[in-house]
Each structure stands twice: as structure tokens, then as C-alpha cells.
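Contents: one structure, followed by commentary.
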Amino acid sequence: MSVPTTIVISAGGRGSRLGMGRNKALVEVDGKSLIRWQLELLPRDTPVVVGLGYQSEQVMAEARAVRSDVAFVVNSTYETTGAAATLIKGAALAFGRVLSLPADLIVHPADIRMMLCREVDTAGIVPLTSVDPVSVRTTQLGDHLMATGAVRYTAQDRQGMYEWSGLVNYDPLTTRLGHSQGHVFEYITPGFPMAAKVIRARELDFAEELPAMVSWLRQLSVLGHERRDAVHADT
């Protein structure tokens, strides 16, 4: 029997670049907090660990209001470390592969399921859309897209580049990982080259990205209503 992949949501940071004075997991977008949006869109049969730090009690309460089976870890050094440190603590509770999910990223449910089913290390990448992205170099290997490097974006990078999303399926025991306690891309990229999959997702890192996130969540809400209507029609 295969061990299910565990989703680790890194929700320990202050979200200072967003400028709302709250942990990004608690920021309300179109009537719901980001952590609520995430948990409602994730498969119910998948184990989830939420990594806490700043405003940990509030994030824990918000997550538990959606799913009582969520596990939690606390990154007590969140003031001096980054999301990688939170991810490492969360991954320690997994019994198999891990799917890393940043607290500010909302992913299409079908792409979450696709990434959960991956049995090889895989980075989820998106077209360059964010205000301050980490760009990912890719190459085609036969029928497979491979991520070969990740760097801070510059204008010269746009040609043929994708954006790092932070959604990564990896094995904590076998993937070559870095020693970074900072950014997740710095922790994961020593394992490159790595399979890459283009996913449908939006992140909320800056206030300028809020309108695009609202639009994206409304698209997903319509999709959810259509699916529920189809289920009711079949019963």
C-alpha cells in the first residue's frame, strides 16, 4: 500500500511585503482568508500539515475551523528564518513524499491532484506574472519539461522563462536538498535538474496582486458551483 503524499503549508511569515500587518494566511480575499480558501480546495483525503510562526494561534484556529484533522508544527525562529525552515519542520511529520504549498498560493484543484500523484521530484511552475518573481530556467528533455535553475528575476530573463510557484513534490529522504533556512527555492534547487509541470495558480505577495487574486478565486468558485450542480444532477 502506497503512503499518501503529505501537503505542507508554510504559513509562518509576517507577510511584510503585502503590507497588511497580518500573516498572509489570515488575509481575507473575496470574503475568506487565504488559509480557508486553500484548505477548502485541497482533497479531503490528503494529510495536511500547517507550519506556524507569526500569529500562530490565529492561523491555527482558522485552519481548524475548516479541517479538524490538520496537523501543526511551529517555527519558533520565524523572525530570523524563512519558509524553508517552516517547510523542514512540517516535512518531519510526513511518512513519504511532501507537497510544499506556500500560504500565499492558490492552485487549481486539478493541478493540486496532479502534483500529489507525482512519484518523482517535480516543481510546479507558472508563466511570469508576479511583481517580484523567482524565474525558473527550463529545458525540454524528450517529452518532458525539466527545471534546471532558479534565480531572482531580471528583465532579461523573460524570454523562455517561467516563474517559481513554491509548489514542489519531493522526497525529504532522497531529494538532494540545500541547507538554506531562508527561501524554499534555495532549499529545493540543489535537487535540480527536476521535472517541471506548468500549473494554474496565483500568489499574493504584494498589494498590487490583489485584484488578480480576487479574479482567480472567483473563477475557482464558479468551477466549484458547476461541479456541485453536476453532482446533484446525477443523483
Side-chain angles (χ1 to χ4, degrees), residues 4-76 78-79 82-83 85-95 98-113 115-116 165-167 184 200-205 207 209-229 231-232:
T5 297
T6 298
I7 296 174
V8 177
I9 301 175
S10 298
R14 285 184 170 272
S16 55
R17 293 195 295 181
L18 189 57
M20 294 187 176
R22 306 194 77 189
N23 186 310
K24 281 191 281 188
L26 297 172
V27 171
E28 285 201 5
V29 183
D30 211 31
K32 297 180 188 178
S33 66
L34 283 179
I35 190 71
R36 181 176 288 271
W37 278 110
Q38 284 186 322
L39 292 173
E40 288 180 353
L41 290 167
L42 296 180
R44 296 289 300 188
D45 59 349
T46 300
V48 176
V49 178
V50 176
L52 305 170
Y54 181 57
Q55 296 181 325
S56 59
E57 292 185 3
Q58 296 97 310
V59 176
M60 184 183 295
E62 186 73 1
R64 281 180 169 162
V66 184
R67 281 185 58 165
S68 60
D69 61 336
V70 171
F72 299 94
V73 293
V74 178
N75 175 14
S76 59
Y78 71 89
E79 292 278 15
T86 306
L87 172 60
I88 291 167
K89 287 183 175 292
L93 297 187
F95 291 100
V98 166
L99 184 64
S100 167
L101 177 61
D104 60 358
L105 187 75
I106 303 295
V107 185
H108 193 290
D111 292 343
I112 282 283
R113 290 192 292 271
M115 288 291 289
L116 281 168
S165 73
L167 188 74
V184 171
R200 294 160 289 179
R202 281 282 181 181
E203 74 167 346
L204 182 60
D205 215 12
E209 296 168 339
L210 186 57
M213 178 61 84
V214 170
S215 176
W216 176 233
L217 290 172
R218 289 178 179 175
Q219 289 179 50
L220 294 180
S221 293
V222 170
L223 177 66
H225 289 311
E226 289 175 348
R227 286 181 174 172
R228 284 191 290 272
D229 290 344
V231 169
H232 292 318

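Just the heavy atoms: all of them, side chains too, but no hydrogens, waters or symmetry mates, feed the values below.
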About how many Å separate [atom2] of [Y] and [atom1] of [X], when rounded to the nearest 0.5 Å?
X: M60; Y: R64; atom1: CE; atom2: CZ; result: 5.0 Å
X: I106; Y: L41; atom1: CD1; atom2: CG; result: 6.5 Å
X: S100; Y: L167; atom1: OG; atom2: CG; result: 7.0 Å

Taking only residues two or more places apart in sequence or in another chain, which ones pass salt bridge (Lys or Arg N to Asp or Glu O under 4.0 Å) with K24?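 Here the qualifying residues are D104, D205.
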For R36, check salt bridge (Lys or Arg N to Asp or Glu O under 4.0 Å) against everything at least two apart and list the hits.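 E40, E62.
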Donor-acceptor under 3.5 Å ([X] side chain, [Y] main chain):
X: S221; Y: L217; value: yes
X: Q38; Y: P102; value: yes
X: W37; Y: V29; value: yes
X: N23; Y: A11; value: yes

Please determine which of L39, T6, L99 meets the side-chain contact (heavy atoms from CB on, under 4.5 Å) test together with V48.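 Output: one option passes, namely L39.
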Pick one: which of V8, L93, I88 meets side-chain contact (heavy atoms from CB on, under 4.5 Å) with V98?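 Answer after filtering V8, L93, I88: V8.
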Please evaluate residues L34 and L204 with respect to the criterion side chain to side chain contact (heavy atoms under 4.5 Å, CB included), reporting the C-alpha separation (whole Å), side-chain torsions for both, the decisive distance (0.1 Å), and the verdict. CA-CA 9 Å; L34 283 179; L204 182 60; 4.1 Å; yes
Show me the side-chain donor-acceptor pairs of residues 67-75 shorter than 3.5 Å, one per line, residues at least two apart or across chains.
{"from": "R67", "atom 1": "NE", "to": "D69", "atom 2": "OD1", "distance (Å)": "3.0"}
{"from": "R67", "atom 1": "NH1", "to": "P43", "atom 2": "O", "distance (Å)": "3.1"}
{"from": "R67", "atom 1": "NH2", "to": "R44", "atom 2": "O", "distance (Å)": "3.4"}
{"from": "R67", "atom 1": "NH2", "to": "T46", "atom 2": "O", "distance (Å)": "3.0"}
{"from": "R67", "atom 1": "NH2", "to": "D69", "atom 2": "OD2", "distance (Å)": "2.9"}
{"from": "N75", "atom 1": "OD1", "to": "T77", "atom 2": "N", "distance (Å)": "3.1"}
{"from": "N75", "atom 1": "OD1", "to": "T77", "atom 2": "OG1", "distance (Å)": "2.8"}
{"from": "N75", "atom 1": "ND2", "to": "T81", "atom 2": "OG1", "distance (Å)": "3.1"}
{"from": "N75", "atom 1": "ND2", "to": "T86", "atom 2": "OG1", "distance (Å)": "3.1"}

Full working for salt bridge (charged side-chain N to carboxylate O under 4.0 Å, His left out) between R202 and E209: CA-CA 9 Å; R202 281 282 181 181; E209 296 168 339; over 6 Å; no
